[in-house]
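The block underneath contains the structure these notes are about, expressed in structure tokens.
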Amino acid sequence: MEGQCQLRPHAPKNVSEAQIDDVVFERRSWNYAYLGEDSEQRHHHVDRKLERIIVTTSRAERDDSGAVPVFSLRGPALHSEGILLASNGAGGDDVRRWIQFIDQECGGWADRPVSAADRMQDILQEAI
């Protein structure tokens with residue numbers, strides 16, 4: 001992730017070429033996270049099950065028909081990057097580094113979801 005922005009197309013490990021052009025994955029909500037859209041209109045997703053970031057040209061589709069929402073991510077996959085998650089499945093240092101890498105080396109973010117925790121931290125910092 002160091003240096004200039006190079007998001008080269010390549011297949012994630014253990015994923016066939018057919019899967020790259022079709023459905024990249026389907027995950028229940030606890031195994032999926034959306035990081036945002038960068039300035040080049042690429043969408044960044046976290047696949048918690050296989051511990052990787054996947055970059056695509058679109059957002060995941062959400063299916064709320066069952067008890068737990070399911071996210072389907074369709075290809076093509078523009079890039080994938082193996083990451084290590086925290087023991088509880090949360091972001092961890094690799095996800096934070098990826099967010100910073102896109103922000104500093106790849107033109108930044110066009111749109112990023114903001115968590116309630118992030119908003120609270122901003123409010124507390126303003127109050128200090």
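- Distance check: R97 CZ to I53 CD1 gives 10.5 Å after rounding to the nearest 0.5 Å.
- In this structure, the side-chain hydrogen bond (donor to acceptor under 3.5 Å, both in side chains) partners of R62, at least two apart in sequence or on a different chain, are D64.
- Looking at every heavy atom in both residues, S39 comes nearest to C106 through OG-O, 3.5 Å.
- In this view, N31 satisfies the side-chain hydrogen bond (donor to acceptor under 3.5 Å, both in side chains) rule with no residue, not counting sequence neighbours.
- A search for side-chain hydrogen bond (donor to acceptor under 3.5 Å, both in side chains) contacts involving D93 returns R96, not counting sequence neighbours.
- We find the CG-CZ distance between D103 and R112 to be 8.5 Å, quoted to the nearest 0.5 Å.
- Side-chain contact between L73 and R59 is absent, with no heavy atoms from C-beta onward closer than 4.5 Å.
- Looking at heavy atoms from C-beta onward, E37 lies out of side-chain contact with W109 at the 4.5 angstrom threshold.
- Side chains of H44 and I102 form a contact here, defined as non-hydrogen atoms less than 4.5 Å apart.
- Side-chain contact check for D94 versus L85: every heavy-atom pair is 4.5 Å or farther apart.
- Put simply, CD on E81 and CD on E51 are 13.5 Å apart, with the number rounded to the nearest 0.5 Å.
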Criterion side chain to side chain contact (heavy atoms under 4.5 Å, CB included) on I54 and F25, from CA distance to verdict: CA-CA 10 Å; I54 297 179; F25 67 68; 3.6 Å; yes
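- Remark: of the listed residues H45, E26, R48, H45 is the sole one forming a side chain to side chain donor-acceptor pair (under 3.5 Å) with Y32.
- Checked against side-chain hydrogen bond (donor to acceptor under 3.5 Å, both in side chains), E40 has no partners two or more places apart in sequence or in another chain.
- Every salt bridge (charged side-chain N to carboxylate O under 4.0 Å, His left out) that D47 has, sequence neighbours left out, goes to R27, R52.
- Legend: residues meeting side-chain contact (heavy atoms from CB on, under 4.5 Å) with S29, ordered by chain and number and at least two apart, are V68, P69, F71.
- The structure places CG of D63 at 7.0 Å from OG of S72, a figure rounded to the nearest 0.5 Å.
- Taking hydrophobic clusters as Ile, Leu, Val, Met, Phe, Trp and Tyr residues chained together by side-chain heavy-atom distances below 4.5 Å, I83 shares a cluster with L78.
- Between H43 and V55, every side-chain heavy-atom pair lies at or beyond the 4.5 Å cut-off.
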